[in-house]
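Remember, it's a predicted structure, so these values are computed and weren't measured experimentally. Counting starts at 1 for both ligands and their atoms, following the listed order. Heads up: numbering here begins at 1 and tracks the sequence.
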Amino acid sequence: MINTLRPIYLDYQASTPCDPRVIETMLPFFGERFGNPHSVNHRQGREAEAAVEHARGQVAELIGAEAREIVFTSGATEANNLAVKGAARFLKERRPHVISCVTEHKCVLESVRRLEKEGVRVTWLPVGSNGLIDLNDLAAALDEETALVSIMAVNNEIGSIQPIAEIGALCREYGALFHTDAAQAAGKIPLDVEAMKIDLLSISSHKMYGPMGVGVLYVRRRPRVRLEPLFDGGGQERGIRSGTLPGPLCVGLGAACEIAQGEMTAEAARLTGLRDRLLNTLQARLTGISVNGATDRRIPGNLNLSFAGVEAETLMHAMPGLSVSTGSACTSASVEPSYVLRALGLSDAAARASIRIGLGRPTTESEIDTAVEIIVAAVSHQRAGATVVAQ
Ligand SMILES: *Cc1c(COP(=O)(O)O)cnc(C)c1O
């Protein structure tokens, strides 16, 4: 056939495929079990409702929450907007101060900037070269006016894991709410909203082998966290998020959470092995490679590498057989170097020489070995000053 080989996909921080087991679980809900989960006056509605409530429990289980603390949204972008704007606007009179971090995802950065325009005082925490905040900076920024601290659990570009439990403890001391964007953390590292003193937590289904178009905001009930909703409507999801729930997608996310919880430990070990194999073989065959971000506090499925003297954009074009990225997908349309890498202290040139490699559930050892060949060939040729298409 004329079909050429599909590129090897190593961009699992941008999106993950739906697990086949998740698809299987969802299918009936696109068909005969199609009911509106809010139409509880008839059988179809009640069946859909029961399925959504089962899924709510599966999500809650993954993060140590109660089912009724789970609010379904369209994804992590909406969950982050709802958490950040919703909490800050509700508390604006008594506590007009918000703390966040310069390496947050765009949807948190822009939500906080919106609040800033509305008159909220904002403190932006910097990060060290490992991508982590300094807890002393956070302690110094907190005061009795702080409504909310929003710090992501795992960064989408460099995979660094923030000290979530320590941040939660500090926030509790000052009576500030703690929101964490866990889009890259959920299903990958253990999360416990009680032990980590998290009040609000965002999840994205398509980052954890669930369907696109659904996510979750965990909203603590004891003590109760109040939010100003983003949408007006029928008052679904405890009045926090109006709109008909997408039953099949909620069911899929629930199944994805249960699978991730069961397989987390073994999968983490497997991905760590594959990532070490990738890095070690690259370093054995190429000079001038640096790892961006933390080495120890990092999720197993992420590598972010700078190749000295190489332009990442050009490199990617020379590797059509490999799907990787040069930073976050949301900013890759612009020519600006990644703001996350710049925040780590990388020079413009080093940031532009960086690629993000994301390993995931379908990644195999043979894919890693082929990826190494592709990268070594492309980097060597670019460094030699030649333009080449490596297959
Ligand atoms: C992907 C991502 C988001 C946005 O999630 P969507 O569900 O795609 O809206 C937010 N934060 C982080 C860290 C992400 O990786």
Neighbour count >12 (heavy atoms, 6.0 Å) for atom CD, Glu61 = no

Atom CZ of Arg297 with >12 non-hydrogen neighbours under 6.0 angstrom = yes

Polar side-chain atom of Arg298 near backbone of Asn130 as donor-acceptor pair, under 3.5 Å | no

At a 4.0 angstrom heavy-atom cut-off, ligand 1 is contacted by Gly75, Ala76, Thr77, Asn80, His105, Cys107, Met152, Asn156, Asp181, Ala183, Gln184, Ser204, His206, Lys207

With distance as the sole criterion, is a donor-acceptor pair present between the side chains of Asp181 and Ser202 under 3.5 Å?
-> no

Which ILVMFWY residues are connected to Phe29, directly or by a chain of links, through side-chain heavy atoms under 4.5 Å apart?
-> Val251

Using the side-chain hydrogen bond (donor to acceptor under 3.5 Å, both in side chains) rule, take Ser160 and Asn155 through it: C-alpha gap first, then chi angles, then the decisive distance, then the call.
-> CA-CA 5 Å; Ser160 48; Asn155 184 271; 5.1 Å; no

